[in-house]
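Heads up, the thing below is written out as structure tokens.
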Protein chains: 2
Amino acid sequence: MMSIGAFSKISNVTTKTLRYYDEIGLLKPVYVNINNNYRYYDVSQLKTVLLISKLKLYGFSLEEIAAVIQTPCDNGALLMLIKQKRQSIFQQIKHFEHVLSRLNEEIKNLERGIHLMSYLDEINVQLIETQPKNILSIRKRINVADYGLHIRALFSDIEKANLTPVGAPMSIFHDEAYDPENYDIEIAVPVKENTGQTRTLSGNLCAMVTLKGPYNNLPSVYARLQEWVEANGYQITSPFYEIYLTDPGQTPPEENITEVYLPVAKR
Amino acid sequence: MMSIGAFSKISNVTTKTLRYYDEIGLLKPVYVNINNNYRYYDVSQLKTVLLISKLKLYGFSLEEIAAVIQTPCDNGALLMLIKQKRQSIFQQIKHFEHVLSRLNEEIKNLERGIHLMSYLDEINVQLIETQPKNILSIRKRINVADYGLHIRALFSDIEKANLTPVGAPMSIFHDEAYDPENYDIEIAVPVKENTGQTRTLSGNLCAMVTLKGPYNNLPSVYARLQEWVEANGYQITSPFYEIYLTDPGQTPPEENITEVYLPVAKR
DNA sequence: ACTTGACTTTCCCCCTACCGGAAGGCGTAT
DNA sequence: ATACGCCTTCCGGTAGGGGGAAAGTCAAGT
């Protein structure tokens, strides 16, 4: 039996940590002097502390370790846990490798004097004059997860009304900010005919960006558009919209093509 | 300008986080209503928040990010920082790969029904009768980092006294527990002659383990010895000692061979 | 004008796995 | 006796927020 300091030295675990393990009930000293509360450990506890260190290395939380120690014979559950840890370690390696490759690109760029956020500058803003379009649209607050439902409903409306679609579907955003769960959105499809059900989306001067890639790059696109509008002395005149040139249901995210239109005028 | 909730949605950063960034001065809202303290953000701040998210992904602390943001033009310092991060990510990948390979071995073992700590059972304990040895030794409290110094001093003593070394150097441990910085240790070398300077290390029944590998595996060896002694009904009779069959200065850690002797008797 | 529901504020505690240090008691070698 | 080292508990802190309460605010619908 030895004092906490001695046990700390042979186990390579600090006294602070041993006291903490005592406190949370993970590893109680084998004997505690009632007079002075000195903790005393036994060499046999070395095995436990080695197990704790090993499981910690494997990414177990102390809570999980406690569970393992308290049920020492349940190899099945332990095996499951360890396989989970392997999976999570594997994920982390993948993640870090991805980060590493991006860091390497970043370093290459920086060495050429290209700043971190300069990829925004490479998002190409075009100033174009759009033509008026006839559109059939439904406007409501939706959860964007249900976008597919609404667009299918819209296409079935088009069929019923015997209209002819002449362009890719689009969304017109009537809220200032993006709220994926409750969003005032106008889902529209350009059609050839001009009936009582359709409306005209007026032609306009627009700052436009073509995004090739997943939708989660859209914040970058909007950051860039905002920057461009300010830098070039424009202001936003009406709700912006996106046109989806590819069907996200049929296209891998990396191949998606989206056009973002921001109606503007000179300040 | 938009509320914190709106900005949170377009930037994919929770309101909690945005408030925290405000609190630590990392990203202050562009305007705060004096009456109700509502925070308002501008689209132009999207760029900053994208930068923050990017640097966070790269492993920067918020403090480092704040430094980067406050000195936006110092590319040299940024490059250094990023290279550091790359290095640290690289280290982490190495580390995780090591853990992963050990986890895989562990899983293989568990599937064969071999328990996590069973490697201890494979540490082979032998019960042997040692022969008495003449040794020349110095006993004192030392820092084990200076072990080399003391062993050289001992060898020079041997030379001066015209003695003949007949075995590998050894340490006899008079403290119960290992304290690397202040350790009551007897450094000894077996010698042929028996003079007034030498003493006899008596022959004894010993539990002995041969360790092949780095010294940091010694805790496992002692755990195993302790276990063995208890399981087989022995008790420890006198200070234990180690014999260093290889010179750690000349041998890579993985190749080191150490014998650990624990003098025992039947209980 | 009133209600309702969504949004915002501050405030406080919680998380992990400990580390640092202070104040005070205990042990032992000189 | 005294000094030094070890032990105890207690308090506070870490990084990056999360959870939730209590209270104020806003906009829309009735």
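By convention in this document, chain letters (A, B, ...) are assigned in the order of the sequence lines, proteins followed by strands, and residues within each chain are numbered from 1.
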(request) Give the C-alpha distance, both sets of side-chain angles, the deciding distance and a yes or no for side chain to side chain contact (heavy atoms under 4.5 Å, CB included) between B:V13 and B:I52. (result) CA-CA 10 Å; B:V13 172; B:I52 292 173; over 6 Å; no
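- For A:L18 and D:dT8, the CG to P distance is 10 Å, given to the nearest whole Å.
- Distance, A:Y31 OH to D:dC7 C1': 14 Å, rounded to whole Å.
- Here the C1' atom of nucleotide D:dG17 and the CD1 atom of B:I52 are 14 Å apart, to the nearest Å.
- Taking the six-membered ring wherever Trp is involved, the centroid distance between the rings of A:Y222 and A:F240 falls below 6.0 Å.
- The side chain of B:L62 has D:dG17 as its nearest neighbour among D:dT25, D:dG17, C:dT10.
- Among residues at least two apart or in separate chains, ring-ring contact (aromatic ring centres under 6.0 Å, His included) pairs with a member in residues 76-105 of chain A are A:F96-B:F96.
- Looking at heavy-atom distances under 4.0 Å, A:I24 makes no contact with the nucleic acid at all.
- Between B:E23 atom CD and D:dG18 atom P the separation is 13 Å, expressed in whole Å.
- Atom P of nucleotide C:dT16 and atom CZ of A:F60 are separated by 17 Å, given to the nearest angstrom.
- OP1 or OP2 of C:dT8 has not a single side-chain nitrogen or oxygen of B:R39 nearer than 4.0 Å.
- Dashed line: the shortest gap from a side-chain N or O of B:Y20 to OP1 or OP2 of D:dA15 is not under 4.0 Å.
- Contact annotation: B:N33 does not reach the phosphate of C:dT9 (side-chain N/O to OP1 or OP2, under 4.0 Å).
- Looking at heavy-atom distances under 4.0 Å, A:Y40 makes no contact with the nucleic acid at all.
- Look at CD1 on A:I34: it is 20 Å from P on C:dG25, rounded to the nearest Å.
- Judged by atom type and distance alone, B:Y21 does not reach the base of D:dG17 through any side-chain donor-acceptor pair under 3.5 Å.
- Side-chain N/O atoms of B:K16 and base N/O atoms of D:dG16 include no donor-acceptor pair closer than 3.5 Å.
- Among the nucleotides D:dG17, C:dC18, D:dT8, the one closest to the side chain of B:T17 is D:dG17.
- B:S61 comes within 4.0 angstrom of the backbone, heavy atoms only, and of no base.
- Residue B:N36 places at least one side-chain N or O under 4.0 Å from the OP1 or OP2 atom of D:dC26.
- Here the P atom of nucleotide D:dA27 and the OH atom of B:Y38 are 9 Å apart, to the nearest Å.
- Dashed line: the shortest gap from a side-chain N or O of A:S3 to OP1 or OP2 of D:dC7 is under 4.0 Å.
- Minimum atom distance to the side chain of A:E63 is reached by C:dT16, of the listed C:dT16, D:dT8, C:dC18.
- In the set C:dT8, D:dT9, C:dA17, D:dT9 carries the atom at the smallest distance from any side-chain atom of A:R19.
- Comparing B:I4 and A:K56 against DNA chain C, the residue whose closest nucleotide sits nearer the 5' end is B:I4.
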(request) Could you check A:L26 against A:I65 for side chain to side chain contact (heavy atoms under 4.5 Å, CB included), going step by step and ending with a plain yes or no? (result) CA-CA 8 Å; A:L26 178 58; A:I65 295 175; 4.0 Å; yes
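- Between the side chains of B:E186 and B:Y241, no donor N or O sits under 3.5 Å from an acceptor N or O.
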